Engineer: 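Sharing a structure with you now.
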Amino acid sequence: MTQENRHLIRPYGDTTGDGMVQVSFTLPIKHSKVADGAALQLANKMGMEPAMVVHSKPMGDDFTFFVVYGQVNHLVDTDKVQVVERDFPLLTPKEANAVIKETLRRPMVVVGACIGTDAHTVGIDAILNIKGFAGEKGLEYYKEIEVVNLGAQVSVPSLVEAAVTRRADAVLVSQVVTQRDAHLLNTREMSAAFREAYPAGERPLLVAGGPRFDESMTTELGVDRIFGRGTTPAEVASYLVHRTTSKEPAA
């Protein structure tokens, strides 16, 4: 790889640039040699050649789980990768509290919930609960943030009502269940309900988070920010402070 094209990269397995990758998937077929052959055929059609089944295991009577290892010839151009970079300063809890106290002159109110049928509170709790995530304390730890954690399986009307009643500055929604794009449907329903309930420019910030969200879909989903997997409480708190204490209106 020359200095000029270091932005072009290839997968690495045993040696640099060998193009080796490992993928896992399940096929609706009984565990057998035929099943292994089907997995190899799929791998070949995916561009993996040569490929080998390094692991296969029955998943019930009529399904088989596979791990396949093989070579691909594709290059990745990092100059063409598009991501959502952090565009706000990362604050410590002390710094965040100071900014809120100086600018809002009252506690920032944050309402959080898992909406729809989603009962997985691990994500919203990691951000809101004082125990936090990844060594960082959650928003309940911040003296100048008032947290209202509604928990799981909260209906959109109930979320809107809570936001109106508590005069929320921001609403955080966590979605883990993604079957049939439930996270997208729920988020669109939520954003539409808030647009209907609030006059233009007066609704709270709407933030969605979860492992399967595409962070570039904020406009499409009608929210102000999307946070993906690995997001820490400090990142969320810093964003909320940045947006609620600036003159930038909610989208």
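As the structure is a prediction and not an experimental result, all values here were calculated from the model.
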Engineer: Looking at residues at least two apart in the chain, or sitting in another chain, which of them share a ring-ring contact (aromatic ring centres under 6.0 Å, His included) with Phe133?
Structural biologist: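 With neighbours one apart ignored, the set is empty.
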Engineer: Quick one: does Leu27's side chain get under 4.5 Å of Thr64's, heavy atoms only?
Structural biologist: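 No, every pair of side-chain atoms sits at 4.5 Å or beyond.
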Engineer: Among residues at least two apart in sequence or on other chains, which ones pass side-chain hydrogen bond (donor to acceptor under 3.5 Å, both in side chains) with Tyr142?
Structural biologist: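 side-chain hydrogen bond (donor to acceptor under 3.5 Å, both in side chains) check on Tyr142 returns nothing, list empty.
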Engineer: Can you pull the salt bridge (charged side-chain N to carboxylate O under 4.0 Å, His left out) pairs that have at least one residue in residues 43-72, sequence neighbours excluded?
Structural biologist: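 Not a single pair qualifies under salt bridge (charged side-chain N to carboxylate O under 4.0 Å, His left out).
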Engineer: Looking only at heavy atoms, which two atoms of Ile127 and Thr232 are closest? And how far apart?
Structural biologist: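 Where Ile127 meets Thr232 most closely, the heavy atoms are CD1-C, 3.9 Å.
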Engineer: Could you name each residue pair satisfying salt bridge (charged side-chain N to carboxylate O under 4.0 Å, His left out) that touches residues 116-140, not counting sequence neighbours?
Structural biologist: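 Those involving residues 116-140 do not exist here.
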Engineer: Quick check against the 3.5 Å criterion: does Thr121 have a side-chain atom that pairs as donor or acceptor with the backbone of Ala152?
Structural biologist: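 A pair under 3.5 Å: no.
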Engineer: Filter on salt bridge (charged side-chain N to carboxylate O under 4.0 Å, His left out), then keep only pairs touching residues 163-173, sequence neighbours left out; what's left?
Structural biologist: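 Only Arg106-Asp169, Glu146-Arg166 qualify under salt bridge (charged side-chain N to carboxylate O under 4.0 Å, His left out).
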Engineer: Quick test of your reading: applying salt bridge (charged side-chain N to carboxylate O under 4.0 Å, His left out), list the pairs with at least one residue in residues 181-192, sequence neighbours left out, ordered by first then second residue.
Structural biologist: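 As it turns out, the salt bridge (charged side-chain N to carboxylate O under 4.0 Å, His left out) pairs with a partner in residues 181-192, which skip direct neighbours, are Arg188-Glu220.
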Engineer: Just jot down the ring-ring contact (aromatic ring centres under 6.0 Å, His included) partners of Phe213, sequence neighbours excluded, or say none.
Structural biologist: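 Only His183 meet the ring-ring contact (aromatic ring centres under 6.0 Å, His included) criterion with Phe213.
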Engineer: Please examine the side chains of Val173 and Leu206, heavy atoms only from C-beta on, and report whether any two atoms are closer than 4.5 Å.
Structural biologist: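 They are not in contact (no side-chain heavy atoms under 4.5 Å apart), so the answer is no.
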Engineer: Quick check: do Phe227 and Leu172 have side-chain heavy atoms less than 4.5 Å from each other?
Structural biologist: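 Sidechains of Leu172 and Phe227: no contact.
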Engineer: Can you list every ring-ring contact (aromatic ring centres under 6.0 Å, His included) pair that touches residues 89-109, not counting sequence neighbours?
Structural biologist: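 Every pair satisfying ring-ring contact (aromatic ring centres under 6.0 Å, His included) with a residue in residues 89-109: there are none.
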Engineer: Can you list the residues that meet the side-chain hydrogen bond (donor to acceptor under 3.5 Å, both in side chains) rule with Asn44, with sequence neighbours excluded?
Structural biologist: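 So Asn44 forms no side-chain hydrogen bond (donor to acceptor under 3.5 Å, both in side chains) with any residue.
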Engineer: Who are the salt bridge (charged side-chain N to carboxylate O under 4.0 Å, His left out) partners of Asp87, not counting sequence neighbours?
Structural biologist: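 Expected list: Arg225.
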Engineer: May I have all residue pairs that pass side chain to side chain donor-acceptor pair (under 3.5 Å) and include part of residues 19-34, sequence neighbours excluded?
Structural biologist: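 Sorted pair list: His31-Ser56.
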Engineer: Under 6.0 Å from the OH atom of Tyr69, do we count more than 12 heavy atoms belonging to anything else shown?
Structural biologist: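 Correct, the count exceeds 12.
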Engineer: Indicate if Leu104 and Val236 have the same hydrophobic cluster label, given that clusters are the connected sets of ILVMFWY residues with side-chain heavy-atom separations under 4.5 angstrom.
Structural biologist: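 Leu104 and Val236: one cluster.
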Engineer: Do Leu240 and Val207 come close enough that some side-chain heavy atom pair is under 4.5 Å?
Structural biologist: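 Yes, at least one pair of side-chain atoms sits under 4.5 Å.
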Engineer: Ala43: what forms a side chain to side chain contact (heavy atoms under 4.5 Å, CB included) with it, not counting sequence neighbours?
Structural biologist: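 Per chain and number, Ala43 pairs via side chain to side chain contact (heavy atoms under 4.5 Å, CB included) with Met48, Ala51, Val68.
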